[in-house]
**Q** 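Handing you this structure, nothing more for now.
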Amino acid sequence: MSDFDFAGRVAIVTGGGTGIGKTYSQEFAKAGVRVVIADIAGPEGEAVAQEINDAGGKALAITTDISSQEQTLAMAKATIEAFGQIDILINNASLMSALERRPWHEIDVDEWDRVMAVNLRGMFLCCQAVYPQMKEQQSGKIINISSSRFWLGTPMRLHYSTSKAGVIGLTRSLAREVGDDNIAVNAITPGFTESETQLATSTADYLAISEERYKGRTFKRAQLPGDLVGTVMFLASDASNFITGQTINVDGGESMR
Ligand SMILES: NC(=O)c1ccc[n+]([C@@H]2O[C@H](COP(=O)([O-])OP(=O)(O)OC[C@H]3O[C@@H](n4cnc5c(N)ncnc54)[C@H](O)[C@@H]3O)[C@@H](O)[C@H]2O)c1
């Protein structure tokens, strides 16, 4: 099973301090990956890193606002200083649970711009920041987190849905540009996932509607953060070395592509 051997690998998980990103940080650390948690939520990132280190893993929290180029460059620099390499970038951070669900015509332009600045510019900046190191290594795995909204056209949070569609374009075009450096760029589209943050920010009415949605899934149950880990690990592992520019849908068979 050497294709799934992560020993010695280094991963940056953006937004790795809370929600689904926290699960990626914890599970990658358990698999032997040295994990850098790059989250704007500094104390939450520190707490996850501490927990991983206390359990015998290796993790470092770097408070990072991914929409700032200065901070993403500092994130990459600190990762190399601490661990000497960057093998995996999980572009998970986004503005999602922080956004109210509103009809599209009630979204103000400042909120629209902030969503694009974090969800798209931030992802672009994180890719740019790790690229010199991955190019030097002539290897790298970039995994971009999109959303099943891309396929379903889910209403409300139009800015968020638009940004997650942009993630697919970024993934495909970037994959072609970095193929010669042996860097893989892929995306996943998670369905509605009951992360702690999603649950905390969804009204009872919305959760009831979401439960109704489970009936449209092939696997009729709630999607949990752990349901996403295996696919992300596969894309980060040597087992997927000839896969790039692709989008894998992980939604319990709600839609089929
Ligand atoms: N939960 C779902 O139903 C669902 C469905 C599809 C896709 N997703 C995607 O999966 C990912 C994780 O989802 P989640 O439920 O944990 O979302 P979340 O909104 O709860 O968490 C996002 C994380 O990003 C961090 N973050 C926000 N702005 C940042 C910034 N400027 N710089 C650095 N970090 C920042 C937050 O602190 C948080 O840790 C997101 O990309 C989300 O869009 C989630």
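All figures in this text were calculated on a predicted structure; none of them were measured in a lab. The first residue in the sequence is number 1, and the count goes up from there. First listed ligand is number 1; within each ligand, the first listed atom is number 1.
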**Q** For ligand 1, which atoms, with element, lie under 4.0 Å from some heavy atom of Gly19?
**A**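 Those atoms are 16 (O).
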**Q** If the cut-off is 4.0 Å to any non-hydrogen atom of Val118, which atoms of ligand 1 fall inside it?
**A**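 Result: 28 (N), 31 (N).
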**Q** Under 4.0 Å from ligand 1, counting heavy atoms only, is it the side chain of Ser148, its backbone, both or neither?
**A**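 For Ser148, no heavy atom sits under 4.0 Å from ligand 1.
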**Q** Between Ser147 and ligand 1, is there a nitrogen or oxygen pair with a distance under 3.5 Å?
**A**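 N/O-N/O distance below 3.5 Å does not exist for this pair.
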**Q** Can you confirm, on distance only, whether ligand 1 has an N/O atom lying under 3.5 Å from any N/O atom belonging to Ile145?
**A**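 No, Ile145 has no N/O under 3.5 Å of an N/O on ligand 1.
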**Q** Can you tell whether the side chains of Glu111 and Arg114 come within less than 4.0 Å, N to carboxylate O?
**A**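 Answer for the salt bridge query: no.
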**Q** Pull out every atom of ligand 1 sitting under 4.0 Å from any heavy atom of Thr64, numbered as shown with elements.
**A**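 Those of ligand 1 that fall under 4.0 Å from Thr64 are 32 (N), 33 (C).
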**Q** Output yes when Asp227 and Arg221 qualify as a salt bridge under the 4.0 Å nitrogen-oxygen rule, no when they do not.
**A**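 Counted as a salt bridge, because a side-chain N and a carboxylate O are separated by less than 4.0 Å.
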**Q** Taking distance alone, with no angle check, do Ile40 and ligand 1 share an N/O pair under 3.5 Å?
**A**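 Yes, there is a polar N/O contact under 3.5 Å.
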**Q** Going by atom types alone, do Thr197 and Ser195 pair a side-chain donor with an acceptor below 3.5 Å?
**A**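 Note: Thr197 and Ser195 side chains meet the donor-acceptor criterion.
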**Q** What protein heavy atom sits nearest atom 19 (O) of ligand 1, and how far off is it?
**A**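 Protein heavy atom at minimum distance: Ser97 OG, 2.8 Å.
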**Q** Tell me which protein heavy atom sits closest to atom 27 (C) of ligand 1, plus the residue, atom name and distance to 0.1 Å.
**A**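 Sorting protein heavy atoms by distance from atom 27 (C) of ligand 1 puts Ser94 O, 3.4 Å first.
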**Q** Does a donor on one side chain sit under 3.5 Å from an acceptor on the other, for Ser240 and Lys141?
**A**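 There is such a pair between these side chains.
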**Q** With no hydrogens and no angle check, just 3.5 Å: does a side-chain donor-acceptor pair link Gln26 and Glu51?
**A**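 Result is yes, a qualifying pair exists.
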**Q** Quick one: does Ser67 get an N or O within less than 3.5 Å of an N or O on ligand 1?
**A**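 Looking only at distances, the answer is no, because the N/O contact criterion of under 3.5 Å is not met.
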**Q** At less than 4.0 angstrom from any non-hydrogen atom of Gly15, what atoms of ligand 1 do you find?
**A**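 In order of numbering, the contacting atoms are 23 (C), 24 (O), 25 (C), 39 (O).
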**Q** Is there a nitrogen or oxygen of Asp65 sitting under 3.5 Å from a nitrogen or oxygen of ligand 1?
**A**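 Among all N and O atoms of Asp65, at least one is under 3.5 Å from an N or O of ligand 1.
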**Q** Tell me whether Asp251 is salt-bridged to Arg257, with the criterion being a basic N under 4.0 Å from an acidic carboxylate O.
**A**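 Arg257 and Asp251: not salt-bridged.
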**Q** With a cut-off of 4.0 Å, which atoms of ligand 1 are near a heavy atom of Phe192?
**A**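 So the atoms of ligand 1 that pass are 3 (O).
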**Q** With respect to Leu95, determine whether any N or O atom, backbone or side chain, lies less than 3.5 Å from an N or O atom of ligand 1.
**A**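 No; the residue has no nitrogen or oxygen that sits under 3.5 Å from a nitrogen or oxygen of the ligand.
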